[in-house]
Amino acid sequence: MKRVGVIGGGQLAWMMADAAQKLGVELVVQTPSEHDPAVSIAKETVFAPVDDATATEILAQKCDIITFENEFVNLQGLSLLAEQGVCFRPRLEALAPLLDKYHQRCYLRNLGLPVPEFFALEEVENLQSKIEYLGFPVVLKSRRHGYDGQGTFIIQDFATLEQKLSDETTTNTLNQSLFLLEEFVPFERELAIIAARSVEGEIVTYPVVETQQEQQVCRRVIAPAEITPNQVAEIQAIAHTLLNSLEVVGIFGIELFLGADGQVLVNEIAPRTHNSGHFSLDACETSQFEQHLRAVCGLPLGNPALQGAGAVMVNLLGYENSHSDYQNQRQKIAEIPQAHVHWYGKTESRPGRKLGHVTVLLDNQNRESAGAYANNIARTIESIWYPR
Ligand code: ADP
């Protein structure tokens, strides 16, 4: 029996529960609130914020290995623990170049992977001419702690950019070193791939999926994405290069843009299980959560292949401030054939908060007009979930 410490107790940790039980692994979670989803499935919880490295020292005393469901950690604090022999998987060196979006982009570019044009605001001497080169719209991003589009701003003109920068920096005297500016990519679709690497260096990849964002938040995922075999191979190669270069152990999610000309660019790396891989719980032989535990526990990796023809996953996002458990809507959605509803048990709903998700398995017959069929199912789910 292995004990795995998980830094972060949200839905990503909660969804490891079944796999942990199957593999005979006990989960100990570090998370601030007793209401966090994974507290109910953890053998034990260390109640502390994820960036509290002192709490992680206590977590480490209870566990064989420590892994992450949230990367907003205090790497400096954790590296002292690593020096004392605490086993982090993935290792801290694999997280270090990724936690700041500017450093992440530089790391990917240095590896020769395709990324959008970007620069750090603090490096720019003549902002106006630099922006003329990129052309509006531009995308302004907080270098750290962005998620679900928090900290990502699509900016249409120079006045708005200056306004935004002064808004964001007045509350925060640290100034422009906090931001990254990049070209707006007029993508045709957004894609993602989940990949896992084992202790021995074996890599497996899940099917490339299409992700659909609204207001920068993921709403739907369609597996597999309807792209060419060459594009699949290119994206798999990106995953291999990245995971090998970082010597990752565990699951990584890679988000990509697909241009109208077929060009693939890497948008963002998540050094953990990812929303774009939730379909794997119901649609694949080995879910991303089981795969992650297998990898970090030093077990052989499982089969990531789709078991059927495909799947569509729809996030159930909060749309109001409420304490409702939305029983009725969930029940109606569960009645859709081949639907699997996952409800994270959060006690509070807020607009945009991820409360649960639904995966509907698609059969072969449906896959003939796959994209349209998947989008229809997503619309049906959303018409039940969101108030008119
Ligand atoms: P987060 O870390 O908050 O998820 P992302 O960088 O993934 O931030 O951005 C969220 C979404 O914003 C993306 O999925 C995409 O829809 C949009 N976006 C981000 N960067 C760009 C870009 N350079 N060009 C066009 N859209 C972008």
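In listed order, ligands and their atoms are each counted from 1. If you read the sequence from its start, that first residue is 1, and numbering goes on from there.
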Less than 6.0 angstrom separating the ring centers of Tyr319 and Tyr326, yes or no?
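For Tyr319 and Tyr326, the ring centres are under 6.0 Å apart.
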
At less than 4.0 angstrom from any non-hydrogen atom of Glu182, what atoms of ligand 1 do you find?
20 (N), 21 (C), 22 (C), 23 (N)

Please state which protein non-hydrogen atom is closest to atom 26 (N) of ligand 1 and give its distance, to 0.1 Å?
Phe187 CE2, 3.6 Å

What do we get for Asn267 next to ligand 1 when only non-hydrogen atoms under 4.0 Å count, side chain, backbone, both or neither?
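Within the 4.0 Å criterion, Asn267 contacts ligand 1 through side-chain atoms alone.
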
Just go through His145, Lys141, Glu268 and tell me whose heavy atom is the nearest to atom 6 (O) of ligand 1.
Lys141

Kindly write out the residues that satisfy ring-ring contact (aromatic ring centres under 6.0 Å, His included) with His340, not counting sequence neighbours, or none if the list is empty.
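His340 satisfies ring-ring contact (aromatic ring centres under 6.0 Å, His included) with no other residue.
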
Shortest protein heavy-atom distance from atom 8 (O) of ligand 1, along with the residue and atom involved
Lys101 NZ, 3.2 Å

Tell me yes or no: between the side chains of Thr211 and Glu255, is some donor less than 3.5 Å from an acceptor?
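The answer is no; no qualifying pair exists.
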
Should we count CG of Asn321 as having more than 12 external heavy atoms under 6.0 Å?
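Buried by this count: over 12 neighbours within 6.0 Å.
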
What do we get for Val139 next to ligand 1 when only non-hydrogen atoms under 4.0 Å count, side chain, backbone, both or neither?
side chain

Quick one: are Asn244 and Arg197 in side-chain contact, heavy atoms under 4.5 Å?
yes

Within 4.0 Å of some non-hydrogen atom of Gln213, the atoms of ligand 1 are 14 (O), 16 (O)

Specify the protein heavy atom at minimum distance from atom 24 (N) of ligand 1: its residue, its atom name, and the distance to 0.1 Å.
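Sorting protein heavy atoms by distance from atom 24 (N) of ligand 1 puts Val185 N, 2.8 Å first.
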
Distance to 0.1 Å, residue and atom name: give those for the protein heavy atom nearest to atom 3 (O) of ligand 1.
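Going by distance alone, atom 3 (O) of ligand 1 is nearest to Gly149 N, 2.6 Å.
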
For atom 18 (N) of ligand 1, the option (of Phe184, Phe257, Phe153) bearing the nearest heavy atom
Phe257

In this structure, atom 9 (O) of ligand 1 is nearest to the protein heavy atom Thr152 OG1, 3.9 Å

Short N or O distance, Gln216 and ligand 1, threshold 3.5 Å exclusive:
no

Would you say CG of Asp18 has more than 12 non-hydrogen atoms from neighbouring residues, nucleotides or ligands within 6.0 angstrom?
no

If only side-chain N and O atoms count, and only distance matters, is there a donor-acceptor pair under 3.5 Å linking Gln231 with Thr228?
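Yes, a side-chain donor-acceptor pair sits under 3.5 Å.
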
Please list the nearest protein heavy atom to atom 13 (C) of ligand 1 with its residue and the distance rounded to 0.1 Å.
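Heavy-atom neighbour on the protein nearest atom 13 (C) of ligand 1: Glu190 OE1, 3.3 Å.
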
Has Lys130 got its NZ or CZ under 6.0 Å from the middle of the six-membered ring of Phe119, at an angle within 45 degrees of the ring axis?
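Cation-pi check for Lys130 and Phe119: passes.
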
With a 3.5 Å cut-off and no angle check, do the side chains of Asp52 and Asn74 form a donor-acceptor pair?
no

